[in-house]
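Each remark here refers to the structure printed beneath this line.
Atoms considered below: every heavy atom in the structure, side chains included; atoms not considered: hydrogens, waters and symmetry mates. Start at 1 and go down the list; that is how both ligands and their atoms are numbered.
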Amino acid sequence: MSEATINKHSENGVKDSFRDRLATVDAKGKRKWIYAQKPTGRFYNVRTWVSWGFFALFFSLPFIKTNGRPLFQFNIPDAKFIIFGKIFWPQDFFIFGITTITFIVFVVLFTAAFGRLFCGWVCPQTIFMEMLFRKVEYLIEGDAAQQKLLKKSEWNGVKIRKKLTKHVAFYFLAFIIANFFLAYIIGVDELWKIITEPPGKHIGGLFSILIFSGVFYAVYAYFREQACTVICPYGRLQSVLLDRNSMIVAYDYKRGEPRGKFKKAKTAELNMGDCIDCFQCVKVCPTGIDIRNGTQMECVGCTACIDACNKMMDATARERGLIRYASENNIANGTRQRYTGRMKFYSVLLIILAGLLSFLLITRKNVDGTIVRAAGILYQERGTDSISNLYTIKIINKTIQDVPLTLKLENEAGRIVEAEGQTIQVKREGQGKSSFFIILPKTAINKRKTNLKIGLYEGDQRITVLQTNFMGPFSKF
Ligand code: SF4
Ligand code: SF4
């Protein structure tokens, strides 16, 4: 290991050589399987309740409809997204752009203030892994020590039965999750058709379910914590998002060091810290790290080590909180959580973006369109006194009713002649297209390009006004 890679722990002088390799990979580069001990304690109980809330939402949201539409749908193949019952199309890309930027600023602000609170408490990957699949594993194979024994044991009836039961249960759960995952993309009605109609009619849908099931099964049965430590971009960005004031799951090295085996005498008399080096915090860690080494990218903030350490503190009549939610500054200097200049800057930015986003959402039209002049044609002479231009109109209908639309020239004394009939029918949640001429008397044309306003009407009600221009001859007649 080079000198450059050997850093000093900020306060207690622990060598940072652990940063040279992943906790889940051995010296030969092979995967080290993590047998995380089942946590018990206050945080684990609260997280269990939160996970029940998450499961209730995850498995019920696809069934909730508002005005005949799902509350949420993310139909990526058709580029159609429904968020809180409102439909968004690619034409809403500006709203998407602002939403994405607002979300990124929110994530940066939230992480700067609260570290990986999201990962530990509400990230679907952590919840499914730790609160569903891991619990099923404990149920079938027992706690970490029994799992290790089972792994080392010869293949016999018990081992085959347990392994088979676990993997069948894992695949079944992955299959259920895959179905719901697909329901978020295509909607429950379509999913129901795939389930109930002859398989030949839905080869693509069945194939998608099998692919998703396989991916979820592989992630939760084999890939596990590596989704967080190797794949997740949010996890890898922690080093730039966190600072010394961010609230993280942290080991209080000021109080804990120098660590040493438990002795009955008071720690002050032994000139020792409160850490009794019992490794309980390491044994429960689902990513296999030792939080006493300081903040690490692999820490998903699951709080299992807080519970494990609190249990040891209770057992040895020491004060709880040797591992707790705290900032580096809080531990090093005893300072309270601060609202820093960086956080204030992000907050102002977030308020501005949220305001802009609200404005865009409030003023967003349910029926909208674009008008373009036909390419390659400038204008046509109509008799001796008029000029016409040919246009194409594309209309998008975000409502759940079919909308019959007519066009009306709003700001010039001309007329519109539709090539495909008077009314443009635009289907619910669909798009319509038509062509039409605008004919203006020559007396109304006094420049090369004349700006026009065209109203879209449903019956007598004007829905929106679109703009285009009219191309006339270069010189005055
Ligand atoms: S260090 Fe603690 S909070 Fe972080 S992943 Fe491990 S057990 Fe969870
Ligand atoms: S659980 Fe607490 S006392 Fe035990 S090793 Fe970890 S930090 Fe030290």
Around ligand 1, what residues show up once you keep those with a heavy atom under 4.0 Å from it?
Val249, Cys285, Pro286, Thr287, Ile289, Ile291, Cys299, Val300, Gly301, Cys302, Thr303, Ala304, Cys305

Residue set satisfying ring-ring contact (aromatic ring centres under 6.0 Å, His included) with Phe216, at least two apart, ordered chain then number -> Phe181

Who pairs with Gln401 by side chain to side chain donor-acceptor pair (under 3.5 Å), at least two apart in sequence or on another chain?
none

Do the numbers put Arg292 on top of the ring of Phe279, so that NZ or CZ is under 6.0 Å from the six-membered ring centre and no more than 45° off the axis?
yes

Quick check against the 3.5 Å criterion: does Lys159 have a side-chain atom that pairs as donor or acceptor with the backbone of Glu154?
no

Would you mind running through ligand 2 and noting each atom that sits below 4.0 Å from a heavy atom of Cys278?
1 (S), 3 (S), 4 (Fe), 5 (S)

Does the pair Glu225/Lys32 count as a salt bridge with the N-to-O cut at 4.0 Å?
no

Please work out whether any backbone atom (N, CA, C, O) or any side-chain heavy atom from C-beta onward of Met313 is under 4.0 Å from ligand 2, and answer side chain, backbone, both or neither.
side chain

Between Lys283 and Asp143 (salt bridge meaning N to carboxylate O under 4.0 Å), is one present in this structure?
no

With a cut-off of 4.0 Å, which atoms of ligand 2 are near a heavy atom of Cys275?
3 (S), 5 (S), 7 (S), 8 (Fe)

When the side chains of residues 54-64 are checked against the rest of the protein, which donor-acceptor pairs come out under 3.5 Å, sequence neighbours left out?
{"unit_1": "Ser60", "atom_1": "OG", "unit_2": "Ala56", "atom_2": "O", "d": "2.6"}
{"unit_1": "Ser60", "atom_1": "OG", "unit_2": "Leu57", "atom_2": "O", "d": "3.4"}

